[in-house]
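Okay, so here's the structure we're looking at.
None of the values given here were measured: they were computed from a predicted structure. In what follows, chains carry the letters A, B, and so on, assigned in the order in which the sequence lines appear, proteins first and then strands, with residues in each chain numbered from 1.
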Number of protein chains: 4
Amino acid sequence: MTNKLIIGDKSLDNRLFTGTGKFSNQEVIPKTIKATDSQVVTMALRRVNFDTPQKNVINYIPDECTLLPNTSGARNAEEAVRIAKIAQAAGCGNWIKIEVISDNKYLLPDNQETIKATKMLAKEGFVVLPYVSPDLMVAKKLEEAGAAAVMPLGAPIGSNRGLKTKELIRILIDEINLPIIVDAGIGKPSQAAEAMEMGADAVLVNTAIATADDPVAMGQAFNQAVKAGRQAYLAGTGRTNDKAQASSPLTGFLGD
Amino acid sequence: MTNKLIIGDKSLDNRLFTGTGKFSNQEVIPKTIKATDSQVVTMALRRVNFDTPQKNVINYIPDECTLLPNTSGARNAEEAVRIAKIAQAAGCGNWIKIEVISDNKYLLPDNQETIKATKMLAKEGFVVLPYVSPDLMVAKKLEEAGAAAVMPLGAPIGSNRGLKTKELIRILIDEINLPIIVDAGIGKPSQAAEAMEMGADAVLVNTAIATADDPVAMGQAFNQAVKAGRQAYLAGTGRTNDKAQASSPLTGFLGD
Amino acid sequence: MTNKLIIGDKSLDNRLFTGTGKFSNQEVIPKTIKATDSQVVTMALRRVNFDTPQKNVINYIPDECTLLPNTSGARNAEEAVRIAKIAQAAGCGNWIKIEVISDNKYLLPDNQETIKATKMLAKEGFVVLPYVSPDLMVAKKLEEAGAAAVMPLGAPIGSNRGLKTKELIRILIDEINLPIIVDAGIGKPSQAAEAMEMGADAVLVNTAIATADDPVAMGQAFNQAVKAGRQAYLAGTGRTNDKAQASSPLTGFLGD
Amino acid sequence: MTNKLIIGDKSLDNRLFTGTGKFSNQEVIPKTIKATDSQVVTMALRRVNFDTPQKNVINYIPDECTLLPNTSGARNAEEAVRIAKIAQAAGCGNWIKIEVISDNKYLLPDNQETIKATKMLAKEGFVVLPYVSPDLMVAKKLEEAGAAAVMPLGAPIGSNRGLKTKELIRILIDEINLPIIVDAGIGKPSQAAEAMEMGADAVLVNTAIATADDPVAMGQAFNQAVKAGRQAYLAGTGRTNDKAQASSPLTGFLGD
């Protein structure tokens, strides 16, 4: 078994995707991404500064990374499609993370508009990674719509609350024949590892890295945790037991 | 800040201790320990085979590791002390993990006898690492008794159930001026990472590695997870939020 | 503040809805419903036996209860509408619980088809209670579509796994101006109480009561738990604290 | 099977014990205790005001309740014994809840001193209910020492954090032939219900009731929740399932 993650036309070794929003200054981005070892990096098109290009977040993303622009700011499918095309025209490539959000408090995605946008963009040759509220039927429709992966949320964006939707994500992993990438909510490396142990194909982390006291060190921590979780998944974690199971011989040592 | 873990006379770089019980065959032990990068390795004295020394578990533990023989089989303080002395006489050094267990179903330690054994052995120059049910008052008494670290259980031995005593362990981390090493119950790398993120100083893992389908790969996974958790602890994990926190700009992209 | 639950044209005192599937024999249904004190009882139309009417589940539901037939068996909106109309024609009244399910393994609802069916049936004067995967955007659309309540699942039907989608349900409670009735997954009275403490307006329980060793006693237990949870919600639960807060004076008793 | 709880010489119908510390004013105590239906009520001897007896907390406890004075303020076994005797001499009867606490931050009990005090007081004819950190070996020693029940903490006193030591309490329920009364930490009725569903024999609640916005209503909520949990335990809760289990017939309704 190879351990590559295939998405669209890419074959990836690293399963930690990193987001570039939320960094207090852009200078720290390149070093942090290096520390994460990420091959896929997300960015909001809005952060691309067309007037003073030297401040563009793109300039801080290492060249060897695959850009995954998101459609942040889109409130419906049409706006998401429009943003995707602007991104492509701006040279960001044909990968697109669809975010359609009209709720400003919890930033929860609109699954239905997301399906629509996925269908439209997949038809036009985009590699589409939709961000969704975890829902089996929606994931099945995304599969039909030509999505390249499904990105269910673990908890609201930026909440650092962890895998609060674990039960629903587990079902997606079980039933959907696309990579499942847990996106949003992951606040600690242990939570990233847990997602991977469950069988998620990758995780996307932004806030937890960008807002750590030391983003570079935290990026490295997440990189290791994702690798650890993936490796544990492949190595086959043991059973849990209600009772204890002696790991050392218990009795009779001195009585022999 | 240095990132060394000081226990007794040793300064350790690696914070994953590995146990050698539960392996289905001893041949896999050396490779697994290498994969864990462990510098401290536990073993039951009982497994030391005095008649056919070539089968001794000791022979499978890399020379550069510090041996941490345990007193498995002891039902009271006196037996633990006797086993510790046999271990020392057998050339296992002066580190000793005290296990006093008279309950064969859950294998829960007898804290009171453990305090007694700790006091006796510390006085004789042993580096004493007592395995206990997490309890603040007991940990304080172990500190007074001269323990070199405190090893609270996360869940019953071999249960792979994880950090079920998290609240009590957190209090030990907060209040006790000795290394806190979570021992027993850790079933997955994510749980080891979580213990380290909470501020535990190290973890001891046996069953979860030894009974994995691929112990070597699992040992490596735990090694990475422990490093990730430690690094996250040092890097300062972010706050959790009840609401979402936008990581990308949310509105107005197309309305500008 | 009155403590009535208003749904459609009814004002309810009891917040436990009971389901009638899963009972091993129908004879136990009337006594169980009495024990639950439920005023709303669900039934699958399929269980209505048109040929031997004396075996109809309807005959076992106390007359004073509001019937809530469900559209179990429907795989899309049109089928759900058709079943709703058959139920109405069969004298089951104008309340309808929409279940549109095409996944036979996890029995997860199709939110999109459910929104469609809700819109159609609400227009025709039905009191529509849709069963959904918890999703804020979907709940908002159900509100617009004229739903009388929203019934998010806590875990897959019949799994007895509890409030696994707690975080998402909490958001619905916060944001949606309709009664939120937790449906599916609740396996124990404590879980029903927890849903009510969170601010859910009611819960629907079937499997946990019907498959208990003693369904009548379990029905009574759920009734009490739902009342307890509601009462606690109204009475204002206290804050949690990281440290202890003395409830008795701590020191100095003998030192005075 | 009778459903009485036998402790010492008493046979109790109600399994909710209520504490009287933490109330903002004593006037609310009698009505709250009535609402809880408690037959056993705890009080700190310190709150007994020997100078102005009309302000004594005792005067606010209904006559029919069994008083359970606690030894709050004791820092070791001897002090606990002395307080117990003062309580008895003051007419509080021969029930005593042992609290030996020397840690002012987390208010965690000293199990070892508690065992000692239990032994001394049981010998003198007291009905001794020791408050402990949950620990199987300690509970066994309390059994030998003549305790009438064991009161393990769910979380630190007053923290309202719930059943954080669930795994350890479950083992006590399994292994100890004395009533297990969960004391401290229970913050919501759902948590009290959960303890009872696990098989705890009773729970003691103070802070969660006394500091609720409406203590009387909250007392009633806890009473119902404890009854619900006990009833569910006796009624036999169902199994949990990984997959869904249809509670209504699923397919073919319209296809027949």
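Defined by atom type and a distance below 3.5 Å, a donor-acceptor pair is missing between the side-chain atoms of C:T42 and C:K97. If you check the side chains of C:Q224 and D:Q231, you find no donor sitting under 3.5 Å from an acceptor.
Heavy atoms of D:E194 lying under 4.5 Å from chain C belong to its backbone as well as its side chain.
Of all the listed residues (D:G19, D:S190, D:A195), the one sharing the greatest number of non-hydrogen pairs under 4.5 Å with chain C is D:S190. Among the candidates C:G162, C:A228, C:A210, the residue making the largest number of heavy-atom pairs closer than 4.5 Å to chain D is C:A228. When the candidates D:A155, D:A193, D:A232, D:A221 are compared by the number of heavy-atom contacts under 4.5 Å with chain C, D:A221 comes out ahead. The choice from D:V216, D:D214, D:L108 that makes the most heavy-atom pairs within less than 4.5 Å of chain C is D:D214.
Ion pairing between D:E79 and D:R82 fails under the 4.0 Å rule for side-chain N and carboxylate O. Under 4.0 Å is where a charged nitrogen must lie from a carboxylate oxygen, and between D:R75 and D:D110 no such pair does.
Residue C:T20 forms a side chain to side chain contact (heavy atoms under 4.5 Å, CB included) with just one option from C:I58, C:I209, C:V41, and that option is C:V41.
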